[in-house]
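Each chain gets a letter, A, B and so on, in the order the sequences are listed, and its residues count up from 1. Note that the structure is a prediction, hence the values are computed from the model and not measured.
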Protein chains: 2
Amino acid sequence: MALEIPEVVINRLPIYARALAALAEQGETVVSSQALGQALDVTPAQIRKDLSYFGRFGKQGRGYNVPGLLTRLREILGLDRQWHVCVVGVGRLGQAIVEYGGFGPQGFQIVAAFDADPAMVGRRVGGITVRAATELDGFLHNNRVDIGVVAVPAAVAQQVVDQLVKAGIRAILNYAPMTPHVPRDISIRHIDPVIAMQSMTFYIKLAEGGGK
Amino acid sequence: MALEIPEVVINRLPIYARALAALAEQGETVVSSQALGQALDVTPAQIRKDLSYFGRFGKQGRGYNVPGLLTRLREILGLDRQWHVCVVGVGRLGQAIVEYGGFGPQGFQIVAAFDADPAMVGRRVGGITVRAATELDGFLHNNRVDIGVVAVPAAVAQQVVDQLVKAGIRAILNYAPMTPHVPRDISIRHIDPVIAMQSMTFYIKLAEGGGK
DNA sequence: TTCCGTCTGTTACGGATTTCACAACCGGAG
DNA sequence: CTCCGGTTGTGAAATCCGTAACAGACGGAA
Ligand SMILES: NC(=O)c1ccc[n+]([C@@H]2O[C@H](COP(=O)([O-])OP(=O)(O)OC[C@H]3O[C@@H](n4cnc5c(N)ncnc54)[C@H](O)[C@@H]3O)[C@@H](O)[C@H]2O)c1
Ligand SMILES: NC(=O)c1ccc[n+]([C@@H]2O[C@H](COP(=O)([O-])OP(=O)(O)OC[C@H]3O[C@@H](n4cnc5c(N)ncnc54)[C@H](O)[C@@H]3O)[C@@H](O)[C@H]2O)c1
């Protein structure tokens with residue numbers, strides 16, 4: 001609406017929302033920025049400033065209304081709708097993703113899965129039927145799909161991403177161990193446990209004494 | 001050695017290393033910061049600055065020696081050693097992690113897996129035998145384990161993290177959808193596809209026109 | 001050897017992000 | 001009704017980070 005909102009702020013909002021959901025489940029009705037910050041290892045000022053980009057949700061002397069703030073955050077992030085997701089690559093990882101029960105309850109509905117391997121096509125995985133990779137373009141043009149999950153080998157990931165982008169996908173979740181190129185107006189996030197570990201080893205080594 | 005190196009810089013190094021490994025495999029022997037930056041969607045200045053924290057690895061007029069820089073980065077990150085990893089929680093996700101062939105070649109050896117479910121204990125998964133969760137403490141005290149992977153339900157994740165930390169683990173890769181509390185000298189990274197999607201929806205919504 | 005185009009390492013700058021600090025505010029106690 | 005402990009929202013200050021720019025170095029051409 002008004003300001004340009006820093007991307008780091010947007011990236012923190014889902015964390016806040018998740019914590020608020022947990023508090024709501026415990027029956028908490030109000031929370032201060034201090035209490036929330038303590039739970040999330042974030043400074044209270046950070047939380048207040050982040051939220052202030054979007055409005056004034058708290059009450060001085062009290063804190064924030066838990067269900068109220070949760071609802072607002074969900075509106076801001078667009079989590080009050082259903083999002084359509086497709087998965088490309090139904091190998092080991094792709095199957096695990098399709099079968100994972102954690103997306104649906106959060107509003108991310110897996111509406112299709114594609115694989116290039118004829119042996120995979122037609123099989124039912126986690127309630128949906130695997131389609132041929134050749135059907136990808138057609139499907140995306142005839143159905144609204146918001147987010148594409150890329151779970152193919154790195155060697156073909158760029159090609160798959162290009163297909164998704166050309167077909168009008170707005171966001172990509174990439175599991176392949178490479179950095180695909182996407183236009184600036186497409187969101188992309190990477191999930192890579194190896195990369196995550198490889199930055200932690202630096203600090204382990206440092207703690208051991210920097211040297212050997 | 002000298003300066004305090006920003007964590008963002010450390011987090012980018014594995015990405016550089018991965019790209020260099022790909023170039024090396026293609027037989028490339030030199031690369032400029034410009035070329036590398038183009039491949040990774042990072043500015044050349046960023047790459048040069050990042051590397052300059054650690055030394056002078058390039059040659060003016062030429063660029064960087066690919067295998068040489070890769071070797072140096074691997075040394076800096078500690079990727080020239082073998083790291084011992086344990087997995088806690090061998091459910092769907094934990095099994096997929098243990099069976100995933102992508103860790104070993106990168107020097108991350110899964111040396112043990114633990115589960116609280118008696119039905120799971122004793123089974124062989126991906127070449128290792130699942131141990132009882134009660135053995136966790138003992139195992140960690142008798143064996144060097146560098147990194148713990150947490151793949152248990154969110155409700156018990158904090159408890160598992162506490163156990164790992166108390167037993168002297170230095171780094172944790174957390175797959176549970178919550179933010180466990182860890183001491184400042186322990187590294188932790190989170191992998192959560194739902195959170196990743198939940199920040200992208202903000203931008204999809206924005207692109208659709210901010211409104212509806 | 002000299003010249004030229006290229007590319008690094010580094011410093012200086014500016015923008016982005018976080019932290020600080022406090023006025024304004026809230027609701028309850030007395 | 002007033003006071004008080006507690007907490008927000010927010011500018012200003014401080015810090016962190018990325019970008020720009022250029023001197024100096026390199027290798028090849030001639
Ligand atoms: N980030 C993670 O946590 C993680 C974990 C495991 C694997 N991975 C990565 O995910 C990817 C898949 O891993 P995996 O273990 O499932 O591999 P896999 O070989 O089991 O599965 C890959 C699947 O992609 C299919 N495929 C190939 N080309 C395709 C195309 N053009 N269109 C559609 N489908 C195509 C193959 O037929 C296969 O079924 C790899 O890049 C791997 O490195 C990531
Ligand atoms: N980040 C992701 O990509 C991703 C994907 C799927 C699941 N998850 C998360 O990972 C976790 C595991 O998911 P899942 O689908 O494998 O669930 P799951 O129920 O199949 O497996 C959980 C396992 O943990 C074991 N366990 C429970 N308490 C334990 C303890 N104290 N010590 C050791 N083991 C214990 C259980 O016996 C079970 O085998 C969940 O928190 C889930 O939300 C994350």
Next on the checklist: Just N and O in the side chain of B/Y64: are any of them under 4.0 Å from OP1 or OP2 of C/dT6?
Outcome noted: no

Item to check | Minimum side-chain heavy-atom gap B/F103-A/M197 below 4.5 Å | outcome: yes

Next on the checklist: Show the nearest heavy-atom pair for residues A/R170 and B/A207, with the distance to one decimal.
Outcome noted: NH2-CB, 3.6 Å

Item to check | Flag side-chain contact, heavy atom, 4.5 Å: B/I147 against A/M200 | outcome: yes

Item to check | Value in whole Å for how far the P atom of C/dT8 lies from CG of B/L69 | outcome: 11 Å

Next on the checklist: Among A/L173, A/V125, A/V87, A/V85, exactly one meets side-chain contact (heavy atoms from CB on, under 4.5 Å) together with A/I97. Which residue is that?
Outcome noted: A/V87

Item to check | Range on DNA chain D touched by chain A - first to last nucleotide, heavy-atom distance under 4.0 Å | outcome: D/dG6 to D/dA12

Checklist entry - Is it true that atom CZ of B/R189 has more than 12 heavy atoms of other residues, nucleotides or ligands lying nearer than 6.0 Å? => result yes

Checklist entry - Is there side-chain contact between A/F139 and A/V145, with at least one heavy-atom pair below 4.5 Å? => result yes

Item to check | A/R48 CZ to C/dC22 P, straight-line distance once rounded to whole Å | outcome: 14 Å

Checklist entry - So do the side chains of A/Q198 and B/F108 get within less than 4.5 Å of each other, counting heavy atoms only? => result yes

Next on the checklist: I need the minimum non-hydrogen distance between A/G89 and A/V152, along with the two atoms involved.
Outcome noted: CA-CG1, 3.6 Å

Checklist entry - Between B/L77 and B/P14, is any pair of side-chain heavy atoms under 4.5 Å apart? => result yes

Tabulate protein N/O versus nucleotide N/O from nucleotides 24-30 of chain C, keeping only pairs under 3.5 Å, one per line.
residue: C/dC26; atom: O4'; partner: A/Q60; partner atom: O; Å: 3.1

Checklist outcome for this item: Sorted by number, residues from residues 23-47 of chain A placing a heavy atom under 4.0 Å from DNA chain D are A/S32, A/S33

Next on the checklist: Any side-chain to backbone donor/acceptor pair from A/D146 onto A/W83? Under 3.5 Å, distance only.
Outcome noted: no

